[in-house]
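Scroll down for the structure; my scribbles are underneath it.
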Amino acid sequence: MNLFDVLALIGGLCLFLFGMNIMGESLERSAGTGLNRLLGRLTTSKTKGFLTGLGVTAVIQSSSATTVMMVGFVNSGVMTLKQAINVIMGANVGTTVTSWLLSLTGIESSNVFVKLLKPTSFTPILALVGIVLYMMSKKSKHKDIGVILLGFSTLIFGMDAMSDAVSGLADVPEFQNILIMFQNPILGVLAGALLTGIIQSSSASVGILQALAGATGKVTIGASIPIIMGQNIGTCVTALISSVGTNRNARRASIVHLLFNVLGTTTLLSIYCVVTAIVRIDIINESANEMTIAICHTVFNLLCTAIMLPASGLLEKISYKLIKEPKSTPENDSISLLDQRLMAAPAVAIKRCKEVSVNMASLSAQSYHSSINLLNDYSEKEAEKLGEIEEKVDKYEDILGSYLVKLSTVDMNEHDSNEVSKLLFVIGDFERISDHAVNILRSAKEINEKSLLFTEAAKKELATITDAVSEILELTINAFTESSVDYATKVEPLEQVVDNLKRQLRANHIARMQRGECSIECGFVWSDLLTNLERISDHCSNIAVRIIETAHDRMDTHRYLQSIKATSDTFNSLYASYTEKYTV
């Protein structure tokens, strides 16, 4: 093996890792909301959690990535530690899919149809289809499929390049001596763990082992088994690194992953050593190939899961012993649970942002209702509570905004990108609604301090417009929470009614002042109240329109509003209904 073979090996490894990476990312991006729904079905059931982990890892082709996501989910409160344990175990089995795909490279036959099953035979066609889709299609979904095909093709060509580069090792005595060392199970486990820990991918390290075994024919099954066992331990490095700076449960998830693989490997390695010492098994001395390594990889992970899955509760208890709870646990704020690790799965990160945004919307509505109550019954204690709510809403906007901006730089499909844009847009409106609620509070405080009195007619009018704003706010939050276009379409007609009410109520109050029924000071407060109520309805309209736009792939707010007001029978019908309901 000369210098050029070493360079070819390095190049092949780089192509292999690059192909695996872009294929996994594109598969994940293409899965999008499907991956989100799959994760949404998580329960405390061991079987469902296991199957979910298996399915997700089969999609994104990396147990390390799945485990890192689990650490992020636990840190963010998206799932419990108990749920994560079952998913992590499923991920270990799901990662064997890659080795089965790579095992096809070992197909040898003179039959044309069998030869076509060999990846090096059909990947050029896949690469051609992939580059056509990627360069010529305008749809992001088609581009993602093109990248998946190109990624798989690159992976296979990298695998083939590695095999060609190491094929000369078959006749090198020093290489054979190294392989004899790996017959020692302990050294085999250490070698597998070290290789996987360095490249941080058990799928990639298994692929390298398959390339080495297929090209040289000198790797025995007995030498490959301990290496495969060690690879499962090495893959824990990524999760352990990702758990740095997380909460206790997230660190426990990474510890459970390590315990699962270490205990599983120790148990099976002990059984393997005892059995081979007592019984002569000739097959372990035979040369391994791509297929036998895939079989060994799968069997080991299935046996490891069969042994450890029933003991998941014990692993959880051990993790609690290793990472103990403090005597007093501070209360978690949901916005502190937006974990950067969730960005590895944009659809899940967006779902988490939506959940936090819903909490923010609820607080904004709460601030509005508190401010209206203070108009009728002012209390300094309740006013302080409203101020605290407004501070929370501001904090939500700051943290959510920063997180969503970072998330928008992640490669994702068009639907997810539109969702991020929508969330960035609406959180600003929810924050402004809370600001206007504080302005109403200031008016309530002025009314209380100056002992201002409105006439009975003014009180009835104020009750009418605040009821209308309460309904528009409820419709908006329902539309946002449920992503409902039906609720959203009801907002704009009611917003027009609120605008009309503002003009009418301002004119009525001017008339009362002219008749001497109300003071000028009352008039100033009245004007401020109407302005803030009308602006709350404006922000509700902004949110509702953005929900409708996202559903219909529109982004021109003003043109859209003009069109629905001019041509929509539904708008006109709802407008007439709301006008009758909130008449003064």
Side-chain angles (χ1 to χ4, degrees), residues 9 12-21 23-24 53-54 57-58 60-67 90-107 119 151-152 154-163 165-166 179 182 185 188-239 257 260-261 264-265 268-269 272 287-305:
L9 175 62
L13 177 60
C14 293
L15 286 174
F16 181 85
L17 294 174
F18 177 71
M20 180 171 287
N21 184 54
M23 183 178 71
L54 192 156
T57 307
I60 65 176
Q61 295 283 295
S62 174
S63 61
S64 297
T66 303
T67 307
N92 274 38
V93 177
T95 194
T96 61
V97 171
T98 309
S99 62
W100 282 103
L101 288 173
L102 297 177
S103 70
L104 297 175
T105 58
I107 293 175
F152 180 72
T154 305
L155 181 155
I156 295 300
F157 279 113
M159 177 86 168
D160 196 47
M162 283 193 295
S163 298
V166 299
L179 292 179
F182 289 156
V189 169
L190 290 175
L194 183 63
L195 176 62
T196 308
I198 291 171
I199 63 177
Q200 296 198 14
S201 171
S202 61
S203 297
S205 62
V206 170
I208 293 169
L209 181 61
Q210 286 176 303
L212 193 63
T216 65
K218 298 297 182 179
V219 180
T220 64
I221 294 174
S224 66
I225 289 174
I227 295 173
I228 289 169
M229 291 181 177
Q231 287 165 340
N232 274 39
I233 296 175
T235 195
C236 299
V237 171
T238 311
H257 185 220
F260 169 76
N261 285 297
T265 298
L268 291 174
L269 186 63
Y272 172 76
S287 296
N289 57 33
E290 294 89 346
M291 183 65 71
T292 55
I293 288 174
I295 292 170
C296 290
H297 190 213
T298 303
V299 169
F300 167 71
N301 280 288
L302 285 172
L303 288 174
C304 194
T305 304

If I compare all heavy atoms of L269 with all of M229, which pair ends up nearest, and what's the gap? CD1-SD, 3.7 Å
Quick check for you: to the nearest 0.5 Å, what is the distance between L302 atom CG and T96 atom OG1? 6.5 Å
If every non-hydrogen atom of A223 is compared with every non-hydrogen atom of P226, which pair is closest and at what distance? O-CD, 3.4 Å
Tell me, please, which residues at least two apart from T305 pass side-chain contact (heavy atoms from CB on, under 4.5 Å). F50, M89, V93, F260, L309
Ignoring hydrogens, what is the shortest heavy-atom contact between L268 and C304? Give both atom names and the distance. CD1-N, 3.7 Å
Nearest 0.5 angstrom please: T235 OG1 to Q231 CD, how far? 9.5 Å
How far apart are the closest heavy atoms of G197 and V237, and which atoms are they? CA-CG2, 4.0 Å
For N301, all residues meeting side chain to side chain donor-acceptor pair (under 3.5 Å), sequence neighbours excluded: N232, H297
To the closest 0.5 Å, what do you measure between CD (Q210) and CD1 (I228)? 8.0 Å
Distance (rounded to the nearest 0.5 Å) between L190 CG and I227 CD1: 11.0 Å
Donor-acceptor check, side chain of T196 to backbone of G192, threshold 3.5 angstrom: yes or no? yes
Could you grab the distance from atom CG of N92 to atom CZ of F300, nearest 0.5 Å is fine? 8.0 Å
Please list, chain by chain and in numerical order, all residues satisfying side-chain contact (heavy atoms from CB on, under 4.5 Å) with I295, sequence neighbours excluded. W100, M291, V299
